[in-house]
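When reading the values below, keep in mind they use all heavy atoms of this one structure, side chains included, and skip hydrogens, waters and symmetry mates.
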Amino acid sequence: MLRHPNLLAYKDSTETTEKGATVIMLVTEPVKPLKEVLKELDLQGQHRDEYYSMGMLHMANAVSFLNNDCKLIHGNICMAAVVVTASLDWKLSGFDLLSEHALPPDHALQNASWMVGNQYKPAELAKSEWSVIQQGPPWAVDAWGLGCLTQEVFNVSEMQSVEDLRHTDLMPQALLQDYQKLLSSAPARRLNPAKVAQSRFLNNRLVEVVAFMENIAVKDSIEKESFFRRLPSILPSIPAPVAVRKLLPLLSSALEFGGAPPLAVSSLMVIGGHLEGDEFNKRVVPCLSKLFASTDRALRRSLLETIDQYAVHLTTNVIEDQIYPQLQTGFTDGHAYIRELTLKSMLSLAPKMSNKTLVTSVLKHLSKLQVDEEPSIRANTTVLLGNMASYLGDATCRRVLLNAFTRALKDAFPPARIAGLRALVATKQYYSAEDVAVRLLPAVCPLCMDPVPEVRGASLTLIETFLKVLQDEEQVRRSREAAAAEASSGAGAMAGASTGASGASGASASSYFSNQALGATSSMLTWAVSGLMNTVGGVGPTVPAQAAPAASAPAAAPAPSPARAAPAAASRPAAPLATTTSGAGKSDGWGGGDGWEDDDEKFEEDAEELAARAKFASKPAPAAASRPAATAARTASGAAGSTSGGGSRFAAEDPAEALASAGGGWGDGDEADAWEDMDKPKPAPAAAPRPAGAAAAAARRAARAAGEGVGAAKPKLGAMKLGATKVGTGAAGGSKGSLGGSEDPDGW
């Protein structure tokens, strides 16, 4: 059986049955009518001429094979007899009238000539001049049909009459001469299809490329190298559908089975650029997966150098399932250039890879490449990590980037240090102010004295950038602190108004710290004072918190009874009092401090304490006796001023009177010695015998009992500490409170 690549079906010229039956080859591939395919492609200009010329060349070869080699006559060549395969190859079909040129008796052409349309019949066939056909050349009938096919192809329409052959407007001028010879009126003068196949117009660049690819197995390495170096520049002139459906399968097969050199990968990517989405994954990705699995370094190099051209067409599943498993072996390749190309390829693939793969696999390889023996690989690793930071996730960036980039700052290769500095600036959003101050800037500052000018410039730029970050953080912190202080001050003011104490704590503050810290403390103290006064009580009746503003009116304060006021006035030392009961007067004697400041007020000193001090001092006794008298005088004048103030809420009995009524004073001699120890160095035992101190204490208790009586009640702790008994610094400089020697029943 004879075969030809441009015949879809053929007749066996040697194995015919007795009845002249023909053998038809079974079609195993899908085909479409030529007219439908031409309209579908809709090619114009040069692309149209090149593809149509390739098809006509195939048909000329098929007809020449039948006529010259097989001595057969097709008898019905037209557009309807041509079909197109999936790879856009033209195939000749319609062998129903296939007959031998000798025209034996009962041949198909003679018996079924009516099947040929009148517009396609040459004169001798239309007149049934069989002897003329037998005497003429074997190609005479089919040459006329080849001319009709040329007319229909370039007009993309079927002929309606013989007159349509005169319409040559759309036919290329280079083919016009051969076309006219095919349609000669004399059968013997018609052009042989074999000579048509040799036409320069039909043998264009597309035909040459397809012919080389179809016969690449018999080409030597030099021819292959030269061809594939020129192919990328030729492909733009080839119709895209032809390149995709015809050349791409040939090229993929050649690369897969080793028929094409690694240079062919670039041509594969150029053709693949015409495809999108699923079509690319269907036609190109299977080939790429097989190529990445190859151990040929030259092939891997070509794949990596052209990855930018096809990475945009890859999907996440394709990359992670078919490409990356083979590609990641390049990170550990023994050749430095393969490692660097693999590193650079991740910049194109990272946007389409999952975060899990990037974090668990890619970062592991990058950490090793950052200490690679090749300086350029170390620098490019830092560059890549900075560029792909946005695909890693915030948590991974905060954990990895600062460590990686500060490591690069210590690299001996200047471009690696520059890459680290620029990467830090590019990823500044991932570093906290604490990281900047504690870790980043200390690592960068030494580079300001680097011998390389570019490193110094990049260092200074980084420092300026991150100083701005720290300044912004400081402004944020100050805003928060100011807002917190304002909220605290507002809460303190509201609490002070509810207890009747108006803003004295902030009026005397002289610094930012006192304004902020004491504001919160004063609010707590206000609530504590209010609670203690309402629950413990004092000499006068309990006043509700909301009635505190009425204390400014003198008539509203109840006067103490004469029986208790007189002893209290007589027992107080004569010392001037800075005592107030209203908010306005409080600012004169109470600074709002916590008792630990240098300018806070002191509690008053009574006569008994001064007498005890004088006993153990080296001064003569008259000097000690003169102090209580002066103190009593000052106290009497202060008591008069306090009574005229009209404040009764904070008024309390005198501590000395309360102690006298309770039957106690500062205690025995041991307590007196302890207090003295806090005031000044303790004198020698010989100068201050303990029995004398005990006798003096007993004498003081007897004097108070005789002068005040035993009916006085001991005041509560709140009245003692918060009553109107505080004074300024005494004449002798005493600073101890009058309650220092009594026991505290409330735990205060």
Side-chain angles (χ1 to χ4, degrees), residues 265 269 272 275-278 280-295 297 299-372 374 376-405 407-408 419-420 423-424 426-427 429-431:
V265 174
M269 295 302 103
L275 302 175
E276 295 182 0
D278 296 339
F280 184 90
N281 295 332
K282 179 182 177 181
R283 295 179 178 270
V284 180
V285 169
C287 177
L288 291 176
S289 301
K290 296 176 182 179
L291 296 180
F292 271 108
S294 174
T295 58
R297 278 181 176 160
L299 182 58
R300 175 63 65 88
R301 171 185 172 179
S302 298
L303 289 171
L304 295 175
E305 287 178 341
T306 58
I307 196 169
D308 293 340
Q309 301 177 16
Y310 60 86
V312 294
H313 302 287
L314 301 177
T315 62
T316 300
N317 294 333
V318 170
I319 293 175
E320 297 195 350
D321 297 340
Q322 303 180 39
I323 303 297
Y324 182 73
Q326 286 78 28
L327 182 142
Q328 66 176 340
T329 60
F331 287 117
T332 57
D333 193 272
H335 200 284
Y337 188 58
I338 297 298
R339 295 199 303 273
E340 186 171 11
L341 287 177
T342 306
L343 173 70
K344 294 179 178 180
S345 68
M346 294 310 303
L347 186 61
S348 301
L349 299 180
K352 296 189 176 183
M353 297 179 67
S354 65
N355 181 266
K356 180 180 178 181
T357 304
L358 292 174
V359 174
T360 59
S361 180
V362 176
L363 287 184
K364 179 183 67 175
H365 294 298
L366 295 184
S367 64
K368 296 179 181 179
L369 291 180
Q370 200 177 25
V371 293
D372 194 89
E374 290 294 329
S376 62
I377 294 180
R378 298 197 302 268
N380 288 329
T381 301
T382 303
V383 173
L384 172 64
L385 192 57
N387 287 329
M388 62 183 291
S390 58
Y391 310 118
L392 298 177
D394 292 348
T396 303
C397 289
R398 295 188 178 94
R399 177 174 55 88
V400 172
L401 295 186
L402 189 56
N403 294 331
F405 296 153
R407 176 197 285 184
L424 285 170
T427 57
Q429 66 271 22
Y430 300 111
Y431 312 129

Show every side chain to side chain donor-acceptor pair (under 3.5 Å) that has at least one partner inside residues 283-293, sequence neighbours left out. Glu256-Lys290, Glu279-Arg283, Ser289-Gln322

Calculate, to the nearest 0.5 Å, the distance between atoms CG and CG belonging to Leu424 and Leu402 respectively. 6.5 Å

Partners meeting side chain to side chain donor-acceptor pair (under 3.5 Å) with Glu374 (sequence neighbours left out): none

To check you understand the geometry: which heavy-atom pair defines the closest contact between Phe280 and Gly272, and what is its length? CD1-O, 3.4 Å

Taking the side chain as C-beta and beyond, is there a heavy-atom pair between Leu341 and Arg301 under 4.5 Å? yes

Scan residues 340-354 for pairs that pass side chain to side chain donor-acceptor pair (under 3.5 Å), counting only residues two or more places apart or in two chains. Asp308-Ser348, Glu320-Ser354, Glu340-Asn380, Ser354-Thr357

Is any side-chain heavy atom of Leu327 less than 4.5 Å from a side-chain heavy atom of Leu349? yes

Per the salt bridge (Lys or Arg N to Asp or Glu O under 4.0 Å) rule, what does the pair list look like for residues 357-369, sequence neighbours excluded? none

Any donor and acceptor pair, going by atom type alone, linking the side chain of Asp394 with main-chain N or O of Tyr430 inside 3.5 Å? no

At their closest point, which heavy atom of Asn281 faces which heavy atom of Pro286, and how far apart are they? O-CD, 3.1 Å

Side-chain donor/acceptor of Tyr310 to backbone N/O of Val285, under 3.5 Å: no

List the steps and the verdict of side chain to side chain contact (heavy atoms under 4.5 Å, CB included) for Gln326 and Leu291. CA-CA 9 Å; Gln326 286 78 28; Leu291 296 180; over 6 Å; no

Taking the side chain as everything from C-beta on, heavy atoms only, tell me whether Leu384 gets closer than 4.5 Å to Leu369. no

Would you give the length of the straight line joining atom CZ of Arg399 to atom CG of Asn403, rounded to the nearest 0.5 angstrom? 9.5 Å

Measuring only between side-chain heavy atoms, which start at C-beta, is Leu288 closer than 4.5 Å to Val265? no

Tell me whether Asp333 is salt-bridged to Arg300, with the criterion being a basic N under 4.0 Å from an acidic carboxylate O. no

Nearest heavy-atom approach of Ala379 to Ala419 is O-CB, 3.9 Å

Side chains of Val359 and Tyr391: closer than 4.5 Å at any heavy-atom pair? no

So, for Ile377 and Ala336, which heavy atoms are closest and what is the spacing to 0.1 Å? CD1-O, 3.7 Å

Distance-minimising heavy-atom pair for Pro325 and Ile319: CD-O, 3.8 Å

Could you check whether any side-chain heavy atom of Arg407 comes within less than 4.5 Å of a side-chain heavy atom of Val371, counting everything from C-beta outward? yes

Quick one, Asp372 and Thr381 - any side-chain contact, counting heavy atoms below 4.5 Å? no

To the nearest 0.5 Å, what is the distance between CG on Leu343 and CZ on Arg378? 13.0 Å

Just jot down the side chain to side chain donor-acceptor pair (under 3.5 Å) partners of Asp278, sequence neighbours excluded, or say none. none

Leu392 and Leu385, any side-chain heavy atoms less than 4.5 Å apart: yes

Where do Leu303 and Phe292 come nearest, in terms of heavy atoms and distance? CD1-N, 3.8 Å

Tell me every residue that passes side chain to side chain donor-acceptor pair (under 3.5 Å) with Ser361, counting only those two or more places apart in sequence or in another chain. Tyr324, Gln328

